[in-house]
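Each chain gets a letter, A, B and so on, in the order its sequence line appears, and its residues count up from 1. These values consider heavy atoms only, across backbone and side chains, with no hydrogens, waters or symmetry-generated copies.
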Amino acid sequence: MATVLDPADAPAANEKQPAGRTKPTTPGGRRRHFPPLLAISPFYVLFAAFGAFPIVFSVYLSFQDWDGIGDMRYVGLKQYGWLLQDSVFWHSVLNTFEIWFLSTVPMLFLALVLAFLLHSQVRFSGAYRVAYFIPNVTSMVAMTVVFGSVFAQAGLANSALRVIGLDGVGWLSSEWGIKSSVSLMIIWRWVGYNALIFLAGLQAIPTEHFEAARVDGANSRQTLFRVVLPQLRPVVLFAAVTSTINGLQIFTESQVLFQSTDVGTTGGPGQEGMTIVLYLWQKAFKEHQFGYGAAMGWVLFAIIAVFTVINWRLVAGSDDDRRPGIAGLLRRKGARRGR
Amino acid sequence: MAAEQRSTGSAGLAVGSGSRLSRTCVRAVLLLGVLVSLFPFYWLVVLASGTTQDIYRYPPKLVPGPHLLDNMGRVLDTVDFFGSLFNTVVVAVLGTVLVLFFDSLAAFAFAKYEFPAKKFLFGMLLVTYMIPAQLSLVPQFVTMAEFGWAGSLKALIIPSAANAFGIFWMRQYAQNSLPDELLDAGRIDGAGFFRLYWTVALPLFRPALAFLGIFTFIGLWNDYIWPLVVMIDPDKVTLQVALANLNILYNTDYSLVMAGALMSVIPLIVVFLVGARHFLRDLAAGAMKM
């Protein structure tokens, strides 16, 4: 990186110096820039090798038919044509969205409620935070194994239902059972995390705003909807965007719940637990269709990009400082810091 | 949320700060949340300390049994637990150290120095942060295979040795809490870039490094899809993959699998509890900045 950038700077620095001087008088000599450029270079070198190159390569790969060992065969856009006609792929897209919706909406709502309650509760707040956050830091594989036993036909969930006189549910065998169990695992994992994020947002609201609202005679509902929620918007936006990105990449829960010894996994009975990333993994690494997997990666990328933009627009609402895109987010962040 | 009250205290939020009844309600709901959060861990201990027959019993046995050590011993006999634990520790520790070093170094440069194309380079860094990892799963694996790194721990450590999130996070911190006067004083004493980084900046970065360190460590420890894909040799895997394999091969032997799950979870919970105070405060701050 340094070698690319230095020449542009070097002539200007040299021209200013009278010949014969050994040390530049201006502080902006090229050697001054070398240490910081060297300091930032590891990231760019690693990104070039393990980020940018693979991404460019995956464009190429997505037009090839390749099993990873033999020769590549150019198939061009036909690859994407096959993908768009693949009913299992569409099923996985639908499943992913259903699971995403079933988990994200209740999760963000519960997190908001918990954050409000935590905010009004001073005692043991440190202990609550630790307890709420523990699901998020533990291994998803281990906890999926645990939930797998809870949701088994003779597992704890159905035992509890029998105790209160209800029939058992096919948690891991029926369409909505599968989607509910995966969603419940996601909710369990992320509610506390988002509650803590929302709590931080609540705590950042200046007390004067509440006092001003009180002076103006606002009741608690007006305070909530006119003062609290608008100010929480950037934080809710953050949570919604991260939840969407995470939600569209669900893999571990479905993979571990329904894995088997033969060819990886099928996503459970009726493939109702098959998600986009699970299908990508299945095609690329179990059936060795690398080109197909690469193409699927790009479709997933497009879906995530579209939903991220929609999310930004939805949550950002119609306020003046709405500036979708990274720039807008950063500008808003700067504005907040200045407050 | 029926317990809403008009705000009274300086905490300022109009929820539950009023009557004793509403405060009791708030506490009850919060406690219920704690129970739901922690129950799966309790259940894991129950399952790991019982026999497989206990699991199918109705009504279910809700208290831990006496077989915990037996089951753990069987895990050690069945899979190379310590081997995969060792792999995981190497990846998590080395990976974390590299991330802390490279990220803080780059953050120091971005926060306190001017250099050509700085804005462009920083913008590029933020854009890379938006790229989902799954996009490059296939080509990254092919790259690793070409390098001859597939199946080696290098494949788990090197590609993630510097990351955009950490640089962004450390830079925010450096801008706010590293006084220019201190650096100027160091310069007068003749210290160059790297000396200033090592002796002045790094010690002051400690709180931010603590958060980034735990965050990175947890991420590396729990990562599943990438080790699953790239650690092609079944005898040389990380803890997560070993546990998943145990689950495939012995899924009728519940108590064995649960003992393995418990053993894989304990080290990380200890790390988290030790660093939780730092971690939770800074996580919230990080989200506010994003």
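- At distances below 3.5 Å, not a single donor-acceptor pair connects side-chain atoms of A/H33 with backbone N or O atoms of B/P116.
- In terms of heavy-atom pairs under 4.5 angstrom with chain B, the leader among A/F133, A/F57, A/F301 is A/F133.
- Here B/G33 is the residue among B/A276, B/G33, B/S264, B/S136 with the most heavy-atom pairs under 4.5 Å with chain A.
- Both the backbone and the side chain of B/L137 come within contact range of chain A, with heavy atoms under 4.5 Å apart.
- Between the CD1 atom of A/I134 and the CZ atom of B/F272 there is a distance of 5.5 Å, given to the nearest 0.5 Å.
- Although no hydrogens or angles enter the test, the distance criterion places a donor-acceptor pair under 3.5 Å between the side chain of A/Q259 and the main chain of B/A244.
- Of the two parts of B/V36, the backbone and the side chain both hold a non-hydrogen atom closer than 4.5 Å to a non-hydrogen atom of chain A.
- Neither the backbone nor the side chain of A/V56 comes within contact range of chain B; no heavy atoms are under 4.5 Å apart.
- Looking at A/F198, there are no atoms closer than 4.5 Å to chain B (heavy atoms on both sides), in backbone or side chain.
- Of all the listed residues (B/S37, B/A162, B/A261, B/A106), the one sharing the greatest number of non-hydrogen pairs under 4.5 Å with chain A is B/S37.
- Interface residue B/A164: backbone and side-chain heavy atoms are both found under 4.5 Å from chain A.
- Ranked by non-hydrogen atom pairs under 4.5 Å with chain B, the options A/L248, A/L118, A/I245, A/L196 are led by A/L118.
- The distance from the OG1 atom of B/T128 to the CG atom of A/L46 is 11.5 Å, given to the nearest 0.5 Å.
- Contact count against chain A (heavy-atom pairs under 4.5 Å) is highest for B/F110 among B/F108, B/F110, B/W221.
- Heavy-atom distances place the side chain of B/I167, and not its backbone, under 4.5 Å from chain A.
- One distance of note links CG of B/L31 with CG of A/L117; it measures 12.0 Å at 0.5 Å rounding.
- Considering only heavy-atom pairs separated by less than 4.5 Å from chain B, the leading option among A/A294, A/G297, A/P54 is A/P54.
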Exercise. List the steps and the verdict of side chain to side chain contact (heavy atoms under 4.5 Å, CB included) for A/S58 and B/V138.
Key: CA-CA 7 Å; A/S58 82; B/V138 175; over 6 Å; no
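- Scanning both residues, B/F122 and A/Y44, for their nearest heavy atoms gives N-OH, 4.0 Å.
- Interface residue B/A161: backbone and side-chain heavy atoms are both found under 4.5 Å from chain A.
- Side chains of A/F50 and B/F147 form a contact here, defined as non-hydrogen atoms less than 4.5 Å apart.
- Atom CZ of B/R195 sits in a sparse spot, with 12 or fewer heavy atoms from other residues, nucleotides or ligands closer than 6.0 Å.
- One distance of note links NZ of B/K61 with OG of A/S159; it measures 14.0 Å at 0.5 Å rounding.
- For the options B/V271, B/V29, B/I225, B/L38, heavy-atom pairs under 4.5 Å to chain A are most numerous at B/I225.
- With a 4.5 Å cut-off on non-hydrogen atoms, B/F39 touches chain A through its side chain but not through its backbone.
- No part of A/Y60 comes within reach of chain B, as not one of its non-hydrogen atoms sits under 4.5 angstrom from that chain.
- When each of A/L300, A/V227, A/T252 is checked for heavy-atom pairs under 4.5 Å with chain B, A/T252 comes out on top.
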Could you walk me through whether A/I55 and B/I131 pass the side chain to side chain contact (heavy atoms under 4.5 Å, CB included) check?
CA-CA 10 Å; A/I55 287 169; B/I131 301 169; 3.8 Å; yes
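- Among B/L262, B/L125, B/I158, the residue making the largest number of heavy-atom pairs under 4.5 Å with chain A is B/L125.
- Proximity of a side-chain donor or acceptor of A/W298 to a complementary backbone N or O of B/L135 within less than 3.5 Å is not detected.
- Heavy-atom distances place both the backbone and the side chain of B/L30 under 4.5 Å from chain A.
- Under a 3.5 Å cut-off, the side chain of B/N222 and the backbone N or O of A/V137 do form a donor-acceptor pair.
- Aromatic rings from A/F34 and B/F115 are positioned such that their centres are separated by 6.0 Å or more.
- With a threshold of 4.5 angstrom between heavy atoms, B/L62 approaches chain A through side-chain atoms but not through N, CA, C or O.
- Among all heavy-atom pairs drawn from B/L47 and A/S149, the shortest one is CD1-OG, 3.1 Å.
- With hydrogens and angles disregarded, no donor-acceptor distance shorter than 3.5 Å links the side chain of A/W281 to the backbone of B/L228.
- Inter-residue side-chain proximity for B/Y224 and A/M140 is flagged as unmet; no heavy-atom pair is nearer than 4.5 Å.
- Ring to ring, B/F102 and A/F43 are not that close: their centroids are 6.0 angstrom or more apart.
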Open item on the list: With side chain to side chain contact (heavy atoms under 4.5 Å, CB included) as the criterion, how do B/F41 and A/V146 come out once you've worked through the C-alpha distance, each side chain's angles and the decisive distance to 0.1 Å?
Closed with: CA-CA 8 Å; B/F41 298 101; A/V146 177; over 6 Å; no
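- Across all their heavy atoms, A/A39 and B/A109 have their closest contact at CB-CB, 4.0 Å.
- With chain B as partner, the option from A/V277, A/I304, A/T144, A/T308 having the largest number of non-hydrogen pairs under 4.5 angstrom is A/V277.
- Distance CG/B/L280 to CZ/A/R129: 7.5 Å, rounded to 0.5 Å.
- For A/Y132, the parts lying under 4.5 angstrom from a heavy atom of chain B are both the backbone and the side chain.
- Interface remark: A/L61 contributes side-chain atoms only to the contact with chain B (heavy atom separation under 4.5 Å).
- For B/I269, the part lying near chain A is the side chain, with the backbone staying farther off; criterion is any non-hydrogen pair under 4.5 Å.
- Interface remark: A/F285 contributes side-chain atoms only to the contact with chain B (heavy atom separation under 4.5 Å).
- If you measure heavy-atom distances from B/F215 to chain A, you find no contacts under 4.5 Å at all.
- With respect to chain B, the highest number of heavy-atom pairs below 4.5 Å among A/G192, A/A195, A/A154, A/P42 belongs to A/P42.
- If you measure heavy-atom distances from B/V142 to chain A, the contacts under 4.5 Å come from the side chain alone.
- Between the CD1 atom of A/I40 and the CG atom of B/L105 there is a distance of 10.0 Å, given to the nearest 0.5 Å.
- A donor-acceptor contact shorter than 3.5 Å is absent between the side chain of B/Q240 and the backbone of A/S139.
- Only the backbone of B/N163 comes within contact range of chain A, with at least one heavy atom under 4.5 Å from a heavy atom of that chain.
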